[in-house]
Amino acid sequence: PLGDYSIIPTLLVSRFARESLTVALSGDGGDELFFGYERPRSLLRDGRDFRFPWVVRYGLYGLGKLGLGRKRSEAIAAHTPADYYFGVNSRFSSADLKRVAPQLSELPSDFDLYAFDGYQGQRHLANYSRYAEFYGQLQRCLKKVDMASMYHSLEVRVPLLDREVLETSLRIDPLTHMANGGRKQILFRLLERHVPADKISQAKRGFAVPLGDWMRGPLRPLVEDMLSAGELYTLGIFDRAGLHAYWQEHLSGQADHKWGLWSLLSLQGWINRHFVSC
């Protein structure tokens, strides 16, 4: 099961590419190695505040929101950078997971991919962020692209993950990539050798579909059939009442639970295919 619904447009792009190609190149790894995402910038913007205890940081964040001080990144309101990264990459908030799957919410914390060994300066925090992106976000992206492309017999190569590129990226001061509040500054400079600067888009765009609206519209019968009718998972770890409330919040527009719902649908579809039918 894959908890990333951007596999839908990735499947479509792979099908389109395969009409004229057998091998394609992917830019995966560029954002993770050269700091192209918003998450590292949010973490580092007020990263020095992580030298303070959480209660102080939370107070600074609150004062900023009230207009009583400088507005700060919401990242510092997390207990640790590990909590921040787990929160932005998790498909469920802690509260939602507790009501939808109470047993899963009791897993020991040492299973956390994003373990943080304490603030030791901005460069240390930047390197931690790159580690979290590389072993968290990137691995899901590579799996997604591999599944979608190979479904259409398209071979996708990833040149930015060449060993020499990896080693070179690690020799560059991580803060250089985010100079003057930018992203991937080194890559932009390299590209400017070949492409006029005014032709290079600075805005980062996502690669998604309006899944939340689809679930409230044409996909609603599918969601309700899979999550409400018949046997709900053979593992016995999900609470049907909690899941119903979670779905109703999304359906009413009270909350946007598309990420969590997609993960549940993927898991349920996988179980139906490989276990229930056996």
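Computation of the quantities below employed the complete heavy-atom set of this structure, encompassing side-chain atoms and omitting hydrogens, waters and symmetry-equivalent molecules.
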Can you tell me how far apart [atom1] ([X]) and [atom2] ([Y]) are? Round to the nearest 0.5 Å.
X      : Y      : atom1 : atom2 : answer
Asp46  : Glu74  : CG    : CD    : 11.5 Å
Tyr37  : Leu43  : OH    : CG    : 15.5 Å
Glu32  : Ser129 : CD    : OG    : 10.5 Å
Phe134 : Leu161 : CZ    : CG    : 6.0 Å
Leu113 : Asn89  : CG    : CG    : 8.5 Å
Ser14  : Leu21  : OG    : CG    : 11.0 Å

Next on the checklist: Take a 6.0 Å sphere around CZ of Phe52 and say whether it holds more than 12 heavy atoms from other residues, nucleotides or ligands.
Outcome noted: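 Yes.
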
Are any of the side-chain heavy atoms of [X] and [Y] separated by less than 4.5 Å?
X      : Y      : result
Leu170 : Arg130 : yes
Tyr85  : Pro40  : yes
Leu211 : Leu219 : yes
Pro159 : Leu25  : yes

Checklist entry - Without hydrogens or angle criteria, can the side chains of Trp270 and Ser266 be said to hold a donor-acceptor pair below 3.5 Å? => result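 No, no side-chain donor-acceptor pair sits under 3.5 Å.
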
Establish whether [X] and [Y] are linked, either directly or via other cluster members, by ILVMFWY side-chain heavy-atom contacts under 4.5 Å.
X      : Y      : result
Tyr135 : Tyr128 : yes
Leu160 : Val156 : no
Leu222 : Leu264 : yes
Leu190 : Leu166 : yes
Leu154 : Phe16  : no

Nearest atoms (heavy-atom pairs only) where [X] meets [Y]:
X      : Y      : value
Asp28  : Leu142 : CB-CD2, 4.1 Å
Ala126 : Leu175 : CB-CD2, 4.2 Å
Gly118 : His124 : O-CE1, 3.1 Å
Ala148 : Ile7   : CB-CG1, 4.1 Å
Phe50  : Ala75  : CZ-O, 3.6 Å
Arg216 : Leu251 : CD-O, 3.8 Å

Checking the side chain of [X] only, and the main-chain atoms of [Y] only, is there a donor and an acceptor separated by less than 3.5 Å?
X      : Y     : value
Arg15  : Leu12 : no
Ser90  : Gly87 : no
Gln122 : Leu44 : yes
Trp262 : Leu2  : yes
Ser73  : Ser42 : yes

Checklist entry - Using 4.0 Å as the upper bound for N to carboxylate O, is an ion pair formed by Arg123 and Asp173? => result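 Answer for the salt bridge query: yes.
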
Checklist entry - Any salt bridge between Arg41 and Glu38, counting N to O under 4.0 Å? => result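 Salt bridge flag = yes for Glu38 with Arg41.
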
Checklist entry - With under 30° as parallel and over 60° as perpendicular, where do the rings of Phe86 and Tyr114 fit, or are they tilted in between? => result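 Geometry flag for Tyr114 against Phe86: perpendicular rings.
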
Next on the checklist: Can you tell me how the ring of His250 sits relative to the ring of Trp247, calling it parallel under 30°, perpendicular over 60° and tilted otherwise?
Outcome noted: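 The rings of His250 and Trp247 lie parallel, inter-plane angle below 30°.
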
Sequence-distant partners of [X], salt bridge (charged side-chain N to carboxylate O under 4.0 Å, His left out), two or more places apart:
X      : answer
Arg72  : Asp49
Arg91  : none
Glu167 : Arg163
Asp31  : Lys184, Lys204

Item to check | Listed partners of Phe34 passing ring pair (Phe, Tyr, Trp, His ring centres under 6.0 Å), at least two apart | outcome: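 Ring pair (Phe, Tyr, Trp, His ring centres under 6.0 Å) list for Phe34, sorted by chain: His177.
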
Checklist entry - What residues form a ring pair (Phe, Tyr, Trp, His ring centres under 6.0 Å) with Trp259, not counting sequence neighbours? => result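 Partners of Trp259 by the ring pair (Phe, Tyr, Trp, His ring centres under 6.0 Å) criterion, ordered by chain and then number, come out as Tyr5.
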
Next on the checklist: Just to verify, what does Ala255 make a side-chain contact (heavy atoms from CB on, under 4.5 Å) with, not counting sequence neighbours?
Outcome noted: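 With sequence neighbours excluded, Ala255 shows a side-chain contact (heavy atoms from CB on, under 4.5 Å) to Glu249, His257, given in chain and number order.
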
Next on the checklist: So, using side-chain contact (heavy atoms from CB on, under 4.5 Å) as the criterion, who are the partners of Asp83 when residues are at least two apart?
Outcome noted: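 Applying side-chain contact (heavy atoms from CB on, under 4.5 Å) to Asp83 gives Ala78, His79, Thr80.
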
Next on the checklist: Before you tell me yes or no, could you show the steps for Arg48 and Tyr119 under side-chain contact (heavy atoms from CB on, under 4.5 Å), namely the whole-Å CA-CA distance, both residues' side-chain angles and the distance that decides it to 0.1 Å?
Outcome noted: CA-CA 8 Å; Arg48 291 181 178 85; Tyr119 180 75; 3.5 Å; yes

Next on the checklist: Taking transitive links into account, so neighbours of neighbours count too, which hydrophobic residues share a cluster with Leu66 at under 4.5 Å side-chain distance?
Outcome noted: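 Listed partners: Leu63, Leu68.
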
Checklist entry - Taking only residues two or more places apart in sequence or in another chain, which ones pass side chain to side chain donor-acceptor pair (under 3.5 Å) with Asp146? => result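 For Asp146 there are no side chain to side chain donor-acceptor pair (under 3.5 Å) partners, ignoring immediate neighbours.
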
Next on the checklist: Applying side-chain contact (heavy atoms from CB on, under 4.5 Å) to Leu138 and Leu33, what does each step give before you reach the verdict?
Outcome noted: CA-CA 10 Å; Leu138 180 59; Leu33 293 174; 5.9 Å; no

Next on the checklist: Can you pull out every salt bridge (Lys or Arg N to Asp or Glu O under 4.0 Å) where at least one residue sits in residues 253-268? Sequence neighbours excluded, please.
Outcome noted: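 Checked against salt bridge (Lys or Arg N to Asp or Glu O under 4.0 Å) - neighbours excluded - the pairs reaching residues 253-268 are Asp256-Lys258.
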
Checklist entry - What salt bridge (Lys or Arg N to Asp or Glu O under 4.0 Å) pairs are there with at least one residue in residues 150-162, not counting sequence neighbours? => result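 Qualifying pairs: Glu155-Arg157.
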
Checklist entry - ring pair (Phe, Tyr, Trp, His ring centres under 6.0 Å) between Tyr246 and Phe92: does it pass, once the steps are laid out? => result CA-CA 11 Å; Tyr246 186 73; Phe92 292 91; 5.5 Å; yes

